[in-house]
Peer 1: 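Pasting a structure here, questions to come.
Counting convention: from 1, in listed order, for ligands and their atoms alike.
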Amino acid sequence: MSSFLRDQIAEDVRTQKYGDAAVQTRFPPEPNGYLHIGHAKAIFIDFGLADEFGGKTNLRFDDTNPAKEEQEYVDSIMGDVRWLGFDWDRLCYASDYFPQLYAWAIELIKAGKAYVDDLSADEIREHRGTLTEPGKDSPYRTRTVEENLDLFARMKAGEFPNGSRVLRAKIDMASPNINMRDPVMYRILHAAHHRTGNEWCIYPMYDFAHGQSDSIERVTHSMCTLEFADHQPLYRWYIDQLGIFPSQQIEFDRLNLTYTMLSKRKLLQLVTEKRVNGWDDPRMPTIAGIRRRGFTPEGLRAFCAAIGISRTNGATDIEMLEHYQRDDLNRRASRAMAVLNPVKLVIDNYPAELEESFEVANNPEDTAAGMRSVPFSRELYIEQDDFREVPPQKYYRLSPGKEVRLRGAYFITAQSVVKDEAGNVVEVHCTYDAASRGGNSPDGRKVKSTIHWVSTKHAVSAEIRLYDKLFLKADPSDVEEGQDVLDGLNPNSLEVLIGAKLEPSLADAKQGVPYQFERVGYFCVDQDSTPGKLVFNRTLSLKDSWAKVAQTTA
Ligand code: ATP
Ligand code: MG
């Protein structure tokens, strides 16, 4: 896959822009939430491109905001990056650079490039101007260097309350780029930080920390999403004023997915309002959520390669993400038979005491996966959906008088039903053709349908969790006036089936191993599962609407 990012790096290596220095990148999350699929794209870019050029990647926590940051997020982020298949060169924290950033702030004050401002946040906003109007200078802009040094030292010493003063860069209140209109460098925040504790009561703004952190780590290529393009001139200004290592920022498009919310703030709201069951709820687009759901890093990587990188933001169909997951799961998932909504099937002419077993392939895509044997007896479970007493047109599955194949076993013909008092079919009775053992009849007779089954006396029970899209609209942010994004949640995104019956081999299913329940979908063992109470998640159903779209447009 070609990309302008790769071309740019290749060019810089060729022209020795950074001399002999190896390519250095970083992935810079703020530890204020769990990583999501959009971050996975950034991770594949940051780590992937560095790997390609024999370079290195740091994991750097941009932890400049003590109010929202927690160790839990730091730990989850490290786990997620590893799960995606990457290991960082150095583990860094912007908070480790607080002393250096403070020294640089003093350097800028001494150079007459920064000043302490007593305006309130609201007044600063009013002075900032708009896209069409220039800003106004603060009355405190002309303070002397001595006064600024004194006030900034006292800010650090904790003499002033939150919000009473800030340190600002003295750049240009009339700049067409609003980020250059004397941006705030430091604010007062009497709050404990997850790493530095109460050492500081002034904290650098993200924009005063990010570019210099890159510089300290001698990052050659600082890749980030497009919304930072307008901040690049400011990062450059700080680097130029301080005369430090000139990291180069290059922007790429953010991943947006239909029916999906990729904003940490909104995802946090889903969690705190208990609209989902935590950050790793399998409906969440977090790495923790999709991992629990059964998605694979390989499938994500293939997806990220397919969407490519561009310089304009757009939205990607969620079906495309699912397509690459199915593609990967199809290759690696062990097949098994499981009946989600069971009804009993009794083979009247099969000997009551007889038990057989059938050898079936674990994965037709991979002969190395071997065979397993599935027990068979006179009473089986089949899906309620696979039988109709009165079949609609083109219904080729089981109905009275119709013959179908039981997967890998025999041909059977439905004969009669037993109903409960409410009129529901509780047993289907049928006869089998003993000559069709293995699933084919010697006279070459054809059947139009093959259904899956589980022997009742060998079956294991399980709870099955089925997931659907979390949001109803393709663009979840498209809401009526006065409504919140979370009003657009799909009320049916989770369905729990408690009476599923599985073939006995699944009693030993391991967490982290993908299964394809034949004809039903891809499944994995959930972390809530115990030997006494199996719980499976449906990762995805089998049908692949993206493959169809891709085919018709090919
Ligand atoms: P927020 O949603 O809170 O604004 P964020 O998602 O940008 O935050 P960061 O922790 O700042 O979170 O992100 C770390 C890196 O991941 C940044 O370099 C950012 O550009 C990148 N990133 C974040 N979201 C996406 C996305 N949807 N697609 C691609 N890259 C992303
Ligand atoms: Mg961000």
Peer 1: For T225 and ligand 1, does the shortest N/O to N/O distance drop below 3.5 Å?
Peer 2: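 Min N/O separation from ligand 1 is below 3.5 Å for T225.
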
Peer 1: Would Y206 count as a polar contact of ligand 1, with the cut-off being nitrogen or oxygen pairs under 3.5 Å?
Peer 2: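 No, there is no polar N/O contact under 3.5 Å.
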
Peer 1: On a heavy-atom basis, I'd like to know which of H39, R60, M223 is closest to atom 6 (O) of ligand 1.
Peer 2: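 The option holding the nearest heavy atom is H39.
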
Peer 1: May I ask you to list the atoms of ligand 1 that are less than 4.0 angstrom from any heavy atom of A42?
Peer 2: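 Checking each atom against A42, I get 16 (O), 21 (C), 30 (N).
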
Peer 1: Kindly confirm or rule out an N or O of N32 lying under 3.5 angstrom from an N or O of ligand 1.
Peer 2: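 No, N32 has no N/O under 3.5 Å of an N/O on ligand 1.
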
Peer 1: What atoms of ligand 1 come closer than 4.0 angstrom to any heavy atom of K264?
Peer 2: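 Counting atoms of ligand 1 from 1, those under 4.0 Å from K264 are 2 (O), 3 (O), 5 (P), 6 (O), 8 (O), 9 (P), 10 (O), 12 (O).
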
Peer 1: Could you tell me whether W200 and Y102 have their ring centroids closer than 6.0 angstrom?
Peer 2: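 For W200 and Y102, the ring centres are under 6.0 Å apart.
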
Peer 1: Is the distance between the ring centroids of F523 and F517 under 6.0 Å?
Peer 2: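 Ring centres of F517 and F523 closer than 6.0 Å.
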
Peer 1: Check each atom of ligand 1 against the heavy atoms of H36 and keep those under 4.0 Å away; list them by number with element.
Peer 2: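 Matching atoms, with element in brackets: 6 (O), 24 (N), 27 (N).
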
Peer 1: Does the residue R254 have a heavy-atom contact with ligand 1, meaning some pair of atoms that are separated by less than 4.0 Å?
Peer 2: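 Yes, R254 has heavy atoms under 4.0 Å from ligand 1.
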
Peer 1: Step through it carefully: locate the ring centre of Y186, locate the ring centre of F152, and say whether they are under 6.0 Å apart.
Peer 2: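 Centroid separation for Y186 and F152: below 6.0 Å.
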
Peer 1: Can we say R26 and E217 salt-bridge, meaning some charged N sits less than 4.0 Å from an Asp/Glu carboxylate O?
Peer 2: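 Salt bridge absent between R26 and E217.
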
Peer 1: With the threshold set at 4.0 Å, does a side-chain nitrogen-carboxylate oxygen contact exist between E495 and R465?
Peer 2: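 Salt bridge flag = no for R465 with E495.
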
Peer 1: Answer yes or no: does an N/O atom from L255 fall short of 3.5 Å to an N/O atom of ligand 1?
Peer 2: yes

Peer 1: Step through it carefully: locate the ring centre of F44, locate the ring centre of F86, and say whether they are under 6.0 Å apart.
Peer 2: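 Yes, they do, as the ring centres are separated by less than 6.0 Å.
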
Peer 1: Report the C-alpha separation of Y203 and H193 in whole Å, then their side-chain angles, then the decisive distance to 0.1 Å, and conclude whether the side-chain contact (heavy atoms from CB on, under 4.5 Å) test is met.
Peer 2: CA-CA 10 Å; Y203 288 95; H193 184 276; 3.5 Å; yes

